*Asks:* 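First, the structure itself, so that you have it in front of you.
Just so it is clear: chains get the letters A, B, ... in the order the sequence lines come, proteins before strands, and each one is counted from 1. The basis for the numbers below is simple: all heavy atoms, side chains too, and nothing from hydrogens, waters or symmetry mates. Note that the structure is a prediction, hence the values are computed from the model and not measured.
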Amino acid sequence: MKNKEVVEMLREIAEYLTIKGESRFKISAYEKAAHVIENLTQPIEELDALGKLTQLPGVGKSIAEKIHEYLTTGKSSYLEELKREIPREVFELMEVPGIGPKLAMRLYTELGIRSIDELEEAAKQGRIRKMKRMGVKAEQKILKGIQIYRMDAGRVPLFTIRPLVMEMVSYLKDKTGIERISPAGSFRRWREDVGDVDILVATDSEGQKVIELFASAEWTKEVLWRGDTKCSIVTPTGVQVDLRVVPEDSWGAALQYFTGSKAHNIRLREIAISKGLKLNEYGLYREDTGQKIAGLTEEEIYEALGMPWIPPELREDMGEVQAALQGKLPNLITEDDIRGDIHMHTNYSDGADSIKAMALKAKELGYEWIVITDHAIGLGVVGGIDYDTWKKEYEEAKQVEKEVGIRIFVGIEANIMVDGEVMISSPDMDFVIGSIHSGLDGSREKIMARYKKAIYSGLIDSIGHPTGRLLGGIRPPMDVDIDQLLSMAKDKGLFMEINAYPNRLDLNGPNVFKAKNMGIKLYIGTDSHATMQMENMIYGVHTARRGWAEKKDILNTLSSDEMEELIEKLKARRKAISV
DNA sequence: GCCGTTTTCGGCCCGACTGTTTTCAGTCG
């Protein structure tokens with residue numbers, strides 16, 4: 001499946017066209033086509049072979065030809081030509097806030113600037129102010145931009161910034177009494193990583209006060225920009241946070257607008273136009289009279305556009321607008337639906353806490369049951385357990401079950417070894433997660449061969465953290481053919497894990513979406529190694545929501561009796577295999 | 001470059017800010 005490569009090619013073309021100063025409509029045509037193919041579940045090669053590329057929305061004759069050429073020759077002559085025409089260094093200059101395609105190209109050709117260091121030097125020497133339509137202020141703006149660029153932490157995993165942002169919101173609410181304060185942007189959509197964070201405040205009279213509080217708080221390492229309605233700061237970890245003050249009667253429109261995504265917003269505005277309306281961040285207006293018909297809440301905006309409110313996690317232009325218009329939005333799983341946690345470790349292997357501590361925490365969280373899955377042998381460093389130790393753990397769990405009054409199932413997290421062997425599994429065990437913990441950098445063929453052998457052995461019930469990735473640039477995902485993996489899981493009736501450990505989130509939203517659409521059942525596992533980590537369930541729930549998962553798709557919503565029934569079936573299935 | 005149940009041409013999502021300008025292009029979100 002070469003969808004990803006094609007998407008990258010189209011995006012690259014769009015980037016080069018931007019620098020070339022091509023019509024923005026032509027550029028967005030490439031971006032739109034890329035977006036459509038990105039969300040395609042079918043291999044693009046199949047469509048091409050059938051000559052059906054132009055049936056995709058946003059793909060016409062010209063783009064179809066370029067895709068066809070790429071699929072048959074492995075490259076695009078159009079892109080190659082663009083690359084010859086425009087130097088790669090220009091992209092680096094565009095990384096500086098305030099420098100767009102036009103200026104970057106001019107700096108490259110008129111001053112011969114090849115890097116951000118050279119740009120800084122030129123600005124300091126006063127060479128930039130000598131260019132046409134540039135002045136001293138523009139030069140200083142560039143120097144400021146370079147400073148911001150160097151401070152920028154880039155996209156960071158959501159969990160690294162979420163606690164601080166929530167603290168900001170509650171602090172500002174407490175100090176001002178304003179109710180309508182909320183994060184927006186990709187943060188509110190629960191994207192796994194975020195760039196800048198936007199916080200919105202609705203107030204007609206206290207804007208100055210809020211901005212003062214925000215700018216002078218402890219979390220502010222530096223104020224980048226401060227005005228009447230906007231203030232940008234950088235946190236000690238280098239994340240930019242923008243506070244925006246909006247009029248009270250525009251709260252809903254502003255929240256909708258700044259939550260995005262951009263593609264989702266464009267979709268909504270197209271619908272507004274088709275109804276003779278106009279949507280912007282201040283409200284929804286009649287095109288003819290200019291009369292405002294909605295804006296106070298997000299709900300009334302969506303309603304006026306003829307659809308129910310769409311949860312932020314879905315706003316990625318993955319078909320949610322059409323689903324909403326047809327009344328077919330999924331009824332997304334919520335935290336309240338969660339009745340148990342699967343995948344957790346105790347001090348039997350590498351966890352910090354006892355079975356009892358974990359059980360008590362589960363009870364505090366309002367759960368009916370938990371599935372403990374300590375590491376099995378075959379995992380050197382963490383001291384996995386063998387069958388006899390597992391048996392002991394099982395006995396202890398039965399004791400704790402009575403003491404604490406919560407159903408405790410005891411499974412195992414079995415290693416899928418480099419040769420695909422499963423270490424270890426038994427029909428006695430309540431739930432067997434198969435996970436890869438070693439040889440993560442193997443080739444796609446090797447990884448898939450391991451998965452295949454493990455899945456078809458009949459010894460495992462699920463796949464744990466299927467790609468093995470760690471967010472924040474710590475570890476890339478294994479080279480997994482996710483479609484093939486899901487097909488095998490579907491074939492053998494395995495469950496797929498949504499690992500809720502906040503730097504895993506694995507499966508991620510898009511892959512949950514794929515699994516759900518294939519009819520595969522999933523579960524959320526916190527992979528907790530201490531009681532506190534059981535609170536990470538929230539990350540798993542929102543990852544599931546980003547994949548359109550409903551209550552019925554997720555095992556954690558089963559009652560303890562239903563879970564027990566399922567587990568008996570799984571044990572019987574494993575027993576039948578091992579005889 | 002794509003698209004069409006008023007259209008095969010002329011539209012295409014919207015608005016703010018900035019700096020260098022006599023009317024707007026470039027950048028950003």
Side-chain angles (χ1 to χ4, degrees), chain A residues 10 13-14 16-36 53-67 78 93-107 128-142 144-145 148-149 184-187 194-200 224-230 232 240-246 250 253-285 287 295 301 305 317 321:
Chain A
L10 295 174
I13 289 176
Y16 277 105
L17 293 179
T18 308
I19 293 181
K20 256 188 104 176
E22 278 284 354
S23 138
R24 63 195 164 99
F25 302 112
K26 186 169 172 177
I27 296 161
S28 71
Y30 279 95
E31 286 169 347
K32 201 170 165 185
H35 182 75
V36 167
L53 285 176
T54 53
Q55 286 182 11
L56 291 171
V59 177
K61 192 162 165 276
S62 174
I63 291 183
E65 276 172 10
K66 289 177 181 87
I67 295 173
Y78 183 59
L93 300 181
M94 281 172 67
E95 299 276 306
V96 177
I99 297 184
K102 293 284 189 301
L103 184 53
M105 200 63 199
R106 282 188 65 200
L107 290 165
I128 289 172
R129 70 182 73 170
K130 291 182 186 135
M131 294 166 74
K132 268 209 179 99
R133 290 189 65 93
M134 297 294 281
V136 177
K137 278 193 174 175
E139 200 169 68
Q140 281 163 354
K141 194 179 155 195
I142 286 176
K144 179 82 181 166
I148 295 172
Y149 163 81
S186 51
F187 184 96
V194 298
D196 298 351
V197 177
D198 281 308
I199 298 179
L200 237 53
L224 294 177
W225 203 87
R226 185 173 167 168
D228 290 340
T229 60
K230 189 187 158 185
S232 296
Q240 186 178 331
V241 183
D242 297 346
L243 186 86
R244 292 168 188 280
V245 177
V246 302
S250 295
L255 188 58
Q256 195 289 314
Y257 175 81
F258 284 108
T259 297
S261 63
K262 193 176 168 188
H264 174 85
N265 286 357
I266 290 173
R267 204 60 70 217
L268 286 193
R269 282 179 224 136
E270 284 169 355
I271 288 170
I273 291 170
S274 73
K275 290 178 179 289
L277 304 170
K278 188 176 71 170
L279 178 62
N280 59 32
E281 62 262 52
Y282 302 105
L284 185 62
Y285 303 85
E287 188 62 64
I301 290 170
L305 291 174
D317 191 26
V321 172

*Asks:* If I take atom CZ in residue A:Arg24 and atom P in nucleotide B:dA25, what distance separates them, rounded to the nearest angstrom?
*Replies:*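 After rounding, the reported distance stands at 12 Å.
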
*Asks:* Using a cut-off of 4.0 Å on non-hydrogen atoms, how would the nucleic acid contact of A:Arg244 be classed: base, sugar-phosphate, or nothing?
*Replies:*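 It contacts sugar-phosphate atoms only.
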
*Asks:* Rounded to the nearest angstrom, tell me the gap between atom CD1 in A:Ile128 and atom P in B:dG26.
*Replies:*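 Rounded to whole Å, this separation is 17 Å.
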
*Asks:* Tell me which nucleotide among B:dG1, B:dG19, B:dG15 gets nearest to the side chain of A:Ala138.
*Replies:*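 From the listed options, B:dG19 comes nearest.
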
*Asks:* Rounding to a whole Å, what distance do you find between A:Lys230:NZ and B:dG29:P?
*Replies:*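 Whole-Å distance recorded here is 7 Å.
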
*Asks:* Classify A:Leu268 by what it touches in the nucleic acid, base, sugar-phosphate, or nothing, heavy-atom distance under 4.0 Å.
*Replies:*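 The residue A:Leu268 makes no contact with any strand.
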
*Asks:* Among the candidates B:dG1, B:dT20, B:dC14, find the nucleotide nearest to the side-chain atoms of A:Lys66.
*Replies:*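 Closest nucleotide to the A:Lys66 side chain: B:dG1.
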
*Asks:* Quick one: is B:dC14 close enough that its OP1 or OP2 comes under 4.0 Å of any side-chain N or O from A:Tyr285?
*Replies:*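 For B:dC14, neither OP1 nor OP2 has a side-chain N or O of A:Tyr285 closer than 4.0 Å.
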
*Asks:* Need to verify one output field. Residue with the more 5' nearest nucleotide on DNA chain B, A:Val96 or A:Glu287?
*Replies:*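 Comparing both residues, the 5'-ward one is A:Glu287.
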
*Asks:* Using atom CD of A:Glu139 as one end and atom C1' of B:dT20 as the other, report the distance to the nearest whole Å.
*Replies:*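 To the nearest whole Å, that distance equals 14 Å.
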
*Asks:* How many Å lie between CD1 on A:Ile148 and C1' on B:dT27, as a whole number?
*Replies:*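 Checked: the CD1 to C1' distance equals 13 Å.
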
*Asks:* Between B:dG10 and B:dC17, how far apart are the P atoms? Round to whole Å, please.
*Replies:*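 Rounded to whole Å, the distance is 34 Å.
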
*Asks:* Any idea if B:dT7 is syn or anti, going by the 90°-from-0 cut?
*Replies:*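 In terms of base orientation relative to the sugar, B:dT7 is syn.
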
*Asks:* A:Leu243 has an atom CG; how far is it from atom C1' of B:dG29, in whole Å?
*Replies:*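 Rounded to the whole Å, the gap is 15 Å.
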
*Asks:* Tell me what A:Lys278 touches on the nucleic acid: a base, only sugar-phosphate, or nothing, going by heavy atoms under 4.0 Å.
*Replies:*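 It contacts sugar-phosphate atoms only.
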
*Asks:* At under 4.0 Å between heavy atoms, what does A:Glu270 touch on the DNA or RNA strands: base, sugar-phosphate, or nothing?
*Replies:*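 Counting heavy atoms under 4.0 Å across all strands, the contact made by A:Glu270 is with sugar-phosphate only.
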
*Asks:* A:Phe258 has a side chain; which of B:dT20, B:dG29, B:dG15 sits nearest to it?
*Replies:*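 Between B:dT20, B:dG29, B:dG15, the one nearest the side chain of A:Phe258 would be B:dG29.
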
*Asks:* When the distance from CH2 of A:Trp225 to P of B:dA16 is rounded to whole Å, what number comes out?
*Replies:*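 So the CH2-P distance, A:Trp225 to B:dA16, works out to 14 Å.
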
*Asks:* Given B:dG29, B:dC12, B:dC14, identify the nucleotide with an atom nearest to the side chain of A:Phe25.
*Replies:*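 The listed nucleotide nearest to A:Phe25's side chain is B:dC12.
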
*Asks:* What nucleotide among B:dG1, B:dC24, B:dG29 has an atom nearest to a side-chain atom of A:Asp196?
*Replies:*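 Nucleotide nearest to A:Asp196's side chain: B:dG29.
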
*Asks:* So A:Lys262, base contact, sugar-phosphate only, or nothing? Heavy-atom distance under 4.0 Å.
*Replies:*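 Base contact - A:Lys262 has a heavy atom under 4.0 Å of at least one base atom.
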
*Asks:* Would you classify A:Tyr257 as touching base, sugar-phosphate or nothing, given that sugar-phosphate means primed atoms plus P, OP1 and OP2, and contacts are heavy atoms under 4.0 Å?
*Replies:*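 Contact class for A:Tyr257: base.
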
*Asks:* Should B:dT8 form a Watson-Crick or G-U wobble pair with both distances under 3.5 Å, which nucleotide is its partner?
*Replies:*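 B:dT8 is paired with nothing.
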
*Asks:* When we call it a touch if two heavy atoms are under 4.0 Å apart, what does A:Leu103 touch: a base, just sugar-phosphate, or nothing?
*Replies:*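 It contacts sugar-phosphate atoms only.
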
*Asks:* When you get a sec, tell me which of B:dC14, B:dG15, B:dG1 is the closest nucleotide to the side chain of A:Tyr282?
*Replies:*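 Among B:dC14, B:dG15, B:dG1, the one nearest the side chain of A:Tyr282 is B:dG15.
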
*Asks:* Which part of the nucleic acid, if any, lies within reach of A:Val36 when heavy atoms closer than 4.0 Å are counted: base, sugar-phosphate only, or nothing?
*Replies:*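 Nothing, no heavy atom under 4.0 Å.
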
